[in-house]
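Reviewing the structure listed below.
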Amino acid sequence: MKQPHLLIHRYKWYEIIGIYAGILIFLTFVLAPFVEGFLVSLKPLSQLFSSPYRFIPEHGSFEAYRTMWISVPGFARYIFNSFFISTIVTAVVLVLVIPASYAFARFEFKGAGLLLGAFLAVNMFSGAVLLIPLFRLMRTLGLLNTYFAIMVPGVAFLIPSAIWLLRTYMMRIPRELDEAAFVDGASHFYTLRRVILPIAMPGIMVVAITTFIGSYAQQFIFALTFNSKTEFAPLPVGLFAYFGRQEVVWNELMAASFVGIAPAMIVIFFLQRYLVSGLTAGAVKQ
């Protein structure tokens, strides 16, 4: 089998230049907002609306990263809440999705296609559409102003896409492995735990990372509606505090945003090799 890095030699020099130019343009559009946001966090507030606008800050400093903790007391609590909620949501989603994905990938039962279609349809609805019925449900269950008020909707909205993603990965695992385990007398649960899970671990890690990021990003609307206590509020609510009545403290807001996403970036950094291997598994024919 040809090594992937040797495939670049199949292109002519001008084609290689075009490929790298396209990648550079793509990365420019993707990374430009983050670069601008970081530069804004280094600027004094007086320079943000100066004319002409300076892209590179003059006399930039990390002062906003210090003052943001003073402007919004308890900001560390907001970060902890987001990380805690996302971790629990990810764990619950994996516990529910792994056996469900195995069932959809291996068993043929009536209504399976209809259920998968329903899961896909759920992702088309915005959480804002269901806020009123969800609020009444949370109030009836006594979950308002608790972590569960944010976790339960997060789990419900992230399960459908997780099932689709992990089911597709499990369908690539040869059925002969299951049959060999059944011949030896293994049950479906034993086969899933000892045969399928080790092989599907890259796919599971992809689902875990995407679920964690999704939970970390979608907490604002649920937290703002179902929670009124600071002790349970996640990061997006803390960032909302930088929007004042008269002005928005943009440099501190950008600084707080970068500090807030640091836990998610650390998780992705340490698990990126699993993410890459999970996304590319089965893409190259051996």
Side-chain angles (χ1 to χ4, degrees), residues 78-105 112-138 141 143-144 146-171 192 196-197 200-227 232-237 239 260-261 263-272 274-276 278-279 281:
Y78 294 124
I79 298 177
F80 168 79
N81 288 341
S82 276
F83 189 83
F84 175 73
I85 292 170
S86 299
T87 301
I88 299 300
V89 167
T90 301
V92 173
V93 167
L94 288 180
V95 169
L96 298 176
V97 162
I98 289 174
S101 301
Y102 178 71
F104 279 110
L114 183 62
L115 281 175
L116 288 173
F119 290 153
L120 192 61
V122 167
N123 281 345
M124 298 180 183
F125 288 92
S126 170
V129 178
L130 303 175
L131 278 181
I132 294 178
L134 283 174
F135 179 84
R136 298 183 63 179
L137 177 63
M138 295 299 164
L141 297 176
L143 298 180
L144 294 179
T146 65
Y147 284 124
F148 295 104
I150 309 173
M151 293 177 181
V152 172
V155 171
F157 279 97
L158 290 171
I159 279 180
S161 57
I163 288 180
W164 270 91
L165 188 61
L166 189 56
R167 167 185 171 271
T168 303
Y169 189 91
M170 286 188 174
M171 290 180 66
L192 172 62
I196 302 300
L197 283 186
M201 191 54 64
I204 293 174
M205 293 305 301
V206 172
V207 173
I209 294 172
T210 55
T211 301
F212 183 88
I213 296 174
S215 176
Y216 209 85
Q218 70 169 20
Q219 297 167 354
F220 178 73
I221 188 67
F222 299 133
L224 200 62
T225 306
F226 307 143
N227 175 66
F232 302 116
L235 174 65
V237 176
L239 295 178
I261 66 174
M265 296 303 296
I266 292 173
V267 170
I268 295 174
F269 177 78
F270 284 103
L271 300 180
Q272 62 178 331
Y274 297 103
L275 179 63
V276 173
L279 292 175

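The basis for the numbers below is simple: all heavy atoms, side chains too, and nothing from hydrogens, waters or symmetry mates.
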Between P263 and I79, which heavy-atom pair has the shortest distance, and what is it?
CG-CG2, 3.7 Å
Would you call I132 and F135 a side-chain contact if the rule is heavy atoms closer than 4.5 Å?
no
4.5 Å side-chain heavy-atom contact, F104 and I163:
yes
Using modelled atom types and a 3.5 Å cut-off, is there a donor and acceptor pairing between side-chain atoms of S82 and backbone atoms of L235?
yes
Using modelled atom types and a 3.5 Å cut-off, is there a donor and acceptor pairing between side-chain atoms of S101 and backbone atoms of V97?
yes
Heavy atoms, side chains only, cut-off 4.5 Å: are L158 and T210 in contact?
no
So which heavy atom on N81 is nearest to which on A233, and how close?
ND2-O, 2.7 Å
Does the side chain of T146 reach to within under 4.5 Å of the side chain of M151, using non-hydrogen atoms?
no
Nearest 0.5 angstrom please: L134 CG to F226 CZ, how far?
4.5 Å
Could you state the interatomic distance from OH (Y102) to CD1 (I98), rounded to the nearest 0.5 Å?
13.0 Å
Kindly state each residue pair satisfying ring pair (Phe, Tyr, Trp, His ring centres under 6.0 Å) with at least one member in residues 200-221, sequence neighbours excluded.
F83-F212, F212-Y216, F220-F240
What's the spacing between I204 CD1 and T211 OG1 if we round to 0.5 Å?
11.5 Å
Between L192 and P99, which heavy-atom pair has the shortest distance, and what is it?
CD2-CA, 4.1 Å
Can you tell me how far apart CG (L94) and CD1 (I159) are? Round to the nearest 0.5 Å.
10.0 Å
Closest heavy-atom contact between A105 and R167?
CB-O, 3.9 Å
Apply side chain to side chain contact (heavy atoms under 4.5 Å, CB included) to residues R136 and L141 and explain how you reach the verdict.
CA-CA 9 Å; R136 298 183 63 179; L141 297 176; over 6 Å; no
Atom CZ of F119 with >12 non-hydrogen neighbours under 6.0 angstrom
yes
Taking all heavy atoms of P234 and all of I85, pick out the closest pair and write down the distance.
CB-CD1, 4.4 Å
For the CD1 atom of I209 and the OG1 atom of T90, what is their distance to the nearest 0.5 Å?
10.0 Å
Taken to the nearest 0.5 Å, the spacing of I213 CD1 from M265 CE works out to 8.5 Å
Would you say the ring centroid of F222 lies under 6.0 angstrom from that of F157?
yes
Side chains of N227 and Y147 only: does a donor on one sit below 3.5 Å from an acceptor on the other?
no
Over all atoms of both residues, closest heavy-atom pair of A200 and Y169
CA-CE2, 3.5 Å
Which residues share a side chain to side chain contact (heavy atoms under 4.5 Å, CB included) with V92, sequence neighbours left out
I88, L96, V155
